[in-house]
Amino acid sequence: MTNAQQFIRLMKEEGVLQFGDFTLRSGKKSPYFFNLGNVSSGDGLTLLGQAYAQCILDHDLQPEILFGPAYKGIPFVVTTAIALAAKGVEVGVAFNRKESKAYGEGGWLIGEAMDERRVVLLDDVVVDGATKIEAAEMIRNEGGILCGMVLGIDRLELTNEDQTAAEALAENLHLSVHAISDLRDVLNYLETDATDRQWLSAVQEYASNHCKL
């Protein structure tokens with residue numbers, strides 16, 4: 001089983017991948033939803049970090065620092081750094097405050113200093129890319145070298161006739177955007193799992209109308 005296939009099954013077990021009737025931030029109705037914030041168990045977080053770490057290694061991103069946008073991205077970078085350390089790869093972690101701190105050490109950044117160091121940004125999914133663009137600006141303003149982004153899932157949502165949200169983000173930020181899994185892995189899961197197979201046709205229809213497969 002591939003890293004993506006294992007990840008999708010883990011996400012279903014952890015209540016991250018859900019099927020039903022959902023309204024996305026864009027206003028579109030979707031038969032599936034993906035919320036990595038639902039991973040809250042020790043075992044789940046351990047496996048989540050291993051999946052992110054494997055994606056980073058598979059794409060040879062060679063980070064010195066992992067950055068997680070507050071608040072959801074904070075546990076992502078911590079568990080991924082632990083997973084990479086278990087594979088002999090040492091990285092620092094950093095994340096932002098929602099508001100800059102005016103006392104004590106001050107500033108918006110918590111964790112490793114970024115100046116002239118390779119940074120990989122971790123997040124769950126891209127919708128319109130606004131929060132990722134903001135995070136990228138933070139990293140670059142701190143002197144970090146943003147060398148890649150890793151998402152939990154790429155929904156392959158089209159933002160225009162031929163470009164997905166992730167592709168548009170990569171072009172906008174001039175960096176590579178990777179995902180542990182994407183909509184094709186969700187469809188593969190539905191084709192092979194009897195429990196949720198009832199949702200296959202609805203997700204296929206959604207994909208044909210809104211996504212790039």
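We find that Lys72 and Asp124 are joined by a salt bridge, their nearest charged nitrogen and carboxylate oxygen being less than 4.0 Å apart. One finds no salt bridge joining Arg197 and Glu191 here, because no Lys/Arg side-chain nitrogen approaches an Asp/Glu carboxylate oxygen to under 4.0 Å. For Lys28 and Glu157, the salt-bridge test passes: some basic side-chain N is under 4.0 Å from an acidic carboxylate O.
Partners of Ser181 by side chain to side chain contact (heavy atoms under 4.5 Å, CB included), not counting sequence neighbours, listed by chain and number: Ala4, Phe7, Ile8, Ile153, Asp185. Residues passing the side chain to side chain contact (heavy atoms under 4.5 Å, CB included) test with Arg9, sequence neighbours excluded: Met1, Tyr189, Thr192, Asp193. Partners of Gln18 according to the side chain to side chain contact (heavy atoms under 4.5 Å, CB included) rule, which considers only residues two or more places apart in sequence or in another chain, are Phe22, Asn38. In this view, Ile82 and Val78 satisfy the side chain to side chain contact (heavy atoms under 4.5 Å, CB included) rule, not counting sequence neighbours.
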Full working for ring pair (Phe, Tyr, Trp, His ring centres under 6.0 Å) between Phe76 and Tyr52: CA-CA 8 Å; Phe76 302 168; Tyr52 270 103; 5.8 Å; yes
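For the atom pair CZ (Arg117) and CG (Asp115), the distance works out to 9.5 Å, reported to the nearest 0.5 Å.
Listed by first and then second residue, the ring pair (Phe, Tyr, Trp, His ring centres under 6.0 Å) pairs that reach into residues 140-161 come to none, sequence neighbours excluded. Screening residues 138-151 for side chain to side chain donor-acceptor pair (under 3.5 Å), with sequence neighbours left out, gives Trp108-Glu142.
Asn160 contributes a side-chain N or O that, together with a main-chain N or O of Asp162, makes up a donor-acceptor pair within less than 3.5 Å. In terms of modelled atom types and a separation under 3.5 Å, the side chain of Asp154 and the main chain of Ala179 share no donor-acceptor contact.
Using a 4.5 Å cut-off on side-chain heavy atoms (C-beta onward), Val119 and Pro63 make no contact. You'll find the side chain of Glu64 stays beyond 4.5 Å of the side chain of Val91, heavy atoms only.
Placement of Val126 and Val77 in two distinct hydrophobic clusters is found when ILVMFWY residues are connected by side-chain heavy-atom separations under 4.5 Å, directly or transitively. Following chains of ILVMFWY side-chain contacts shorter than 4.5 Å, one can reach Ile56 starting from Leu10, so the two form part of one hydrophobic cluster.
A pairwise comparison of heavy atoms in Leu183 and Cys211 identifies CD2-SG, 3.5 Å as the closest pair.
Between Asp60 and Gln62, the side chains place a donor N or O and an acceptor N or O closer than 3.5 Å (distance only, hydrogens not considered). Under 3.5 Å, the side chains of Gln50 and Gln6 contain no donor-acceptor pair of N or O atoms.
At least one test fails for Arg155 against the ring of Phe33: distance under 6.0 Å to the centre or angle within 45° of the axis.
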